[in-house]
Protein chains: 2
Amino acid sequence: MLAELRRPERTFTIRQLCQEFKVTPRALRFYEDKGLLAPSRDGMNRVYSYKDRARLQLILRGKRVGLPLAEIRDILELYGAEDGPVMQSAHSLKRFRQRISEMEQQREDIDQAISELKTACERLEKQLAEVRPDLLPRAEDYDQMLRARLDGHTYPLSAK
Amino acid sequence: MLAELRRPERTFTIRQLCQEFKVTPRALRFYEDKGLLAPSRDGMNRVYSYKDRARLQLILRGKRVGLPLAEIRDILELYGAEDGPVMQSAHSLKRFRQRISEMEQQREDIDQAISELKTACERLEKQLAEVRPDLLPRAEDYDQMLRARLDGHTYPLSAK
DNA sequence: CCTTGCGTTGACGCTAACGTAAAGGGAATA
DNA sequence: TATTCCCTTTACGTTAGCGTCAACGCAAGG
């Protein structure tokens, strides 16, 4: 009984999660409809637990790297199922390994794209500096650049 | 006149590019329709140059990292335009910088996802080893892994 | 001449991932 | 009591990115 006041006892309304993660209620209900979330209910209303919140984080991360919801759902199931028919697990294993190598490829693509976009931006900036120096990025923008850079590898928390 | 026989004189039919990059003619025409490609013509027929091929590579890479075609088109225009209205370039510059930091975020997400998927796979594999060792990956699968790794930067992946 | 094969341009179809009302329940507040 | 929120479900609308015919042109081969 004492152990239960840990912390993860907190729950969330749909609005709270939506504001925190910048998504719409429609999206959350949609994910639920597709089997990615399964919040409990208080009467009619949805009640999201800490675990649900964690799942939502995973869902959104999956989305950012371009996974379709169906894939994300499969991955989430993998996390929550030590059980289940083993044959299916064996099959999942293959697919996940494949996913991994795909994502490694994707990582390379991103690195490439980033560096190319960077050099292209520099070129554009130089050209702009010659013709219209007044249009160049100012303090405001550098501020944003710095924040991005610092958040990058100093604060592993980020997630916004 | 002598300089013109460099190499990039080679051209490609729509089929050739499609086979090389594992896309359909429909896709190429679609990209053209959306302003991402502009091959020359031999009568009615499309003739793709080396530059067109290069653009296609960029398009596909963009797709793999999750960029919408419209974004990719803008980026491609950035590469080919020293000219154009400067004001627009100034605006583009901001957007591209933003894109860059988005993609850096995306890179982190992918790294996270990869390592999580890897540990999940290992867990699953161990569990499988105890119950059904006969279902574990065999030579065949390693073969496929190797191929994936080697082909890595030659072939796209898609998710169909 | 006719088929085979690769090319073309519409035009309609389809899936994913939501957006956007429409219509209503239940609680708190004016 | 009436208004105001926040929640619910059902259902149709929308956008991106092609897939899939349909109908036709042209060139080579049998």
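Numbers restart at 1 for each chain; the letters A, B, ... are given by sequence-line order, proteins then strands.
Here the C1' atom of nucleotide dG25(D) and the CG atom of D42(B) are 13 Å apart, to the nearest Å. The CG-C1' distance, from L67(B) to dA16(D), rounds to 14 Å in whole Å. Rounded to a whole Å, the NZ atom of K22(A) is 23 Å from the P atom of dA17(C). Here the C1' atom of nucleotide dG5(C) and the CZ atom of R15(B) are 9 Å apart, to the nearest Å. Between R29(A) atom CZ and dC18(C) atom P there is a gap of 14 Å when expressed in whole angstrom units. The CZ atom of R41(B) sits 17 Å away from the P atom of dG25(D) (whole-angstrom rounding). As rounded to whole Å, 15 Å separates atom P of dG17(D) from atom CG of L28(B). In this structure, E32(B) places its CD atom 14 Å from P of dG7(C), rounding to the nearest Å.
In summary, R46(A) and D52(A) do not engage in a salt bridge, as defined by a charged side-chain N under 4.0 Å from a carboxylate O. Using a cutoff of 4.0 Å between basic side-chain nitrogens and carboxylate oxygens, R64(A) and E102(B) are not scored as salt-bridged. At a threshold of 4.0 Å, the pair E104(A)-K118(B) counts as salt-bridged, since one of the basic side-chain nitrogens sits closer than that to a carboxylate oxygen.
One finds no side-chain N or O of T24(B) lying less than 4.0 angstrom from the OP1 or OP2 phosphate oxygen of dC18(D). Y31(A) has a side-chain polar atom (N or O) that falls below the 4.0 Å cut-off from OP1 or OP2 of dC18(C). A sub-4.0 Å separation between OP1 or OP2 of dA16(C) and a side-chain N or O of K34(A) is absent.
Residue contacts shown for P25(B) are absent, as no nucleic acid heavy atom lies under 4.0 Å away.
Clustering ILVMFWY residues whenever any of their side-chain heavy atoms sit less than 4.5 angstrom apart, transitively, puts Y50(B) in the very cluster that holds L56(B).
Taking only distance into account, the side chain of R26(B) meets the base of dT20(D) through a donor-acceptor pair shorter than 3.5 Å.
In this structure, Q106(A) contributes its side chain and V65(A) its backbone to a donor-acceptor pair below 3.5 Å.
The residue among A27(A) and N45(A) whose nearest nucleotide of DNA chain C lies closer to the 5′ end is A27(A).
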